[in-house]
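Notes for the one structure printed next.
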2 protein chains.
Amino acid sequence: MKLSTKGRYGLKAMYDLALHYGNEPISLKSIAQRQGISEYYLEQLMAILKKAGLVRSIRGAYGGYLLSRKPSEITVGDVLRALEGPIGLVDCALEQEPIKCLRYDNCITRIVWEKIRDSIIKTIDSITLLDMCNEGRKKTKS
Amino acid sequence: MKLSTKGRYGLKAMYDLALHYGNEPISLKSIAQRQGISEYYLEQLMAILKKAGLVRSIRGAYGGYLLSRKPSEITVGDVLRALEGPIGLVDCALEQEPIKCLRYDNCITRIVWEKIRDSIIKTIDSITLLDMCNEGRKKTKS
DNA sequence: CTAATTCCTATCTGTTTACTCGGATTTATA
DNA sequence: TATAAATCCGAGTAAACAGATAGGAATTAG
């Protein structure tokens, strides 16, 4: 039941961008260094996030990445869906286009997976990048 | 964010055993056939469930497996923990013995993973095998 | 004694993950 | 305009893992 590094690293990177929201674009290299991630690998994740419309990029010297919306308007769910695909612990209980096996209609375990999925969705859709930034500020104060 | 077949198949098997609770032991072969699972593979899962104390076995002809407690006293969480290990989407946010990286104390994303984990835990610990049986009865009636 | 069954351990194969690399393109600035 | 700093793009790879298979020993009801 583990998340891949896509989701893990991706949220770190998005949080990093959120902390710098409003300033100049942030380079891949600096994000990778701060967050302890392989730069080359992160590059691929940013491409996915860009395609999903969560970040935009500026090429060339002094270029980098920016959030394409305010931190308050990007949820953890947005990030995870972009990187990990539709939410769900099993293919027959994905939030979108569940893959129906032969036993689909009579399957009781499926109902369990759907309940778990819904609790995950409720949580990830309720946390924004801004929430995370505020949480971070609380920490450094104390 | 996918569950392995351990958890998937394991819960199916446990549900199957719950449906037959109170009767003679159920053979691996019959569970595998009803649930559409490889018999040999299921064997390994049952060994894990047995070691975890969730089922007991009777060897020899006409032997098989039985729940070691009443369906009302076994939760989905019990089954998943036995088969998948401590709950958590990332190693630094496991419910038991989280693996602390260097950034552990200052890591904000970790807090997110913990919230998701807690919502999963709340759900899986609130559903028992009996609940699943009742759900199944509802379905066949309608 | 026989057939049915669990128990135990080992092995295999395909897929996925996480990462690396090389080079093309863009662009701010000196 | 030259240069360095970036993003962009596609390919390749090693290790880990999932899922399954197999063979044979031990147990037991009939």
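Below, read A as the first sequence line, B as the second, and so on, with proteins coming before strands; counting in each chain starts at 1. Bear in mind the structure is a predicted one, so any value in this text is a computation, not a measurement. We use all heavy atoms of the structure for the numbers below, so side chains are in, but hydrogens, waters and symmetry mates are not.
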Spacing of [X] atom [atom1] relative to [N] atom [atom2], expressed in whole Å:
X: Arg56(A); N: dC8(D); atom1: CZ; atom2: C1'; result: 17 Å
X: Ile48(B); N: dT6(C); atom1: CD1; atom2: C1'; result: 16 Å
X: Lys2(B); N: dT15(C); atom1: NZ; atom2: P; result: 18 Å

With a 4.5 Å limit on heavy-atom distance, are the side chains of Glu135(A) and Val112(B) in contact?
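Side-chain contact under 4.5 Å: no.
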
Same apolar cluster (I L V M F W Y, side chains within < 4.5 Å links), Val79(B)/Leu94(B)
no

If hydrophobic clusters are built by linking Ile, Leu, Val, Met, Phe, Trp and Tyr wherever their side-chain heavy atoms come under 4.5 Å apart, do Leu66(A) and Met46(A) end up in the same one?
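No, separate clusters.
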
Applying ring pair (Phe, Tyr, Trp, His ring centres under 6.0 Å), can you list everything that pairs with Tyr65(B), at least two apart in sequence or on another chain?
none

According to ring pair (Phe, Tyr, Trp, His ring centres under 6.0 Å), who are the partners of Tyr62(A), at least two apart in sequence or on a separate chain?
none

Would you check if there is a donor-acceptor pair between the side chains of [Y] and [X] at a distance under 3.5 Å?
X: Arg137(B); Y: Asn134(B); value: yes
X: Tyr41(A); Y: Thr5(A); value: yes
X: Ser4(A); Y: Glu84(A); value: yes
X: Lys115(B); Y: Thr123(A); value: no

Can you build the contact string for nucleotides 13-22 of chain D? Use B for base contact, S for sugar-phosphate-only contact, and - for no protein heavy atom under 4.0 Å.
------BBBB

Going by number, which of residues 83-92 of chain B have a non-hydrogen atom under 4.0 Å from DNA chain D?
none

Which ones in residues 11-32 of chain B lie close to DNA chain D, meaning a heavy atom under 4.0 Å from one of its atoms?
none

Would you sort out whether Val55(A) and Met14(A) count as a side chain to side chain contact (heavy atoms under 4.5 Å, CB included), showing the intermediate values?
CA-CA 9 Å; Val55(A) 303; Met14(A) 290 295 281; 3.5 Å; yes

Pick base, sugar-phosphate or nothing for Lys50(B), based on heavy-atom distances below 4.0 Å to the nucleic acid.
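Here Lys50(B) touches the backbone only, sparing every base.
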
Decide yes or no on salt bridge (charged side-chain N to carboxylate O under 4.0 Å, His left out) for Asp125(A) and Arg81(A), but give the supporting numbers first.
CA-CA 10 Å; Asp125(A) 285 344; Arg81(A) 285 187 185 92; 2.9 Å; yes

Checking Ile87(A) against Gln96(A) for the side chain to side chain contact (heavy atoms under 4.5 Å, CB included) test, could you report, in this order, the C-alpha distance in whole Å, the side-chain angles of both residues, the deciding distance, and whether it holds?
CA-CA 8 Å; Ile87(A) 304 300; Gln96(A) 302 197 346; over 6 Å; no

Assess the residue pair Lys50(A) and Ser57(A) against the criterion (side chain to side chain donor-acceptor pair (under 3.5 Å)); give the C-alpha distance rounded to whole Å, side-chain angles, the decisive distance to 0.1 Å, and a yes or no.
CA-CA 8 Å; Lys50(A) 190 184 173 192; Ser57(A) 63; 3.0 Å; yes

Below 3.5 Å is the cut-off: list the nitrogen or oxygen pairs between protein and nucleotides 28-30 of chain C, distance only.
none

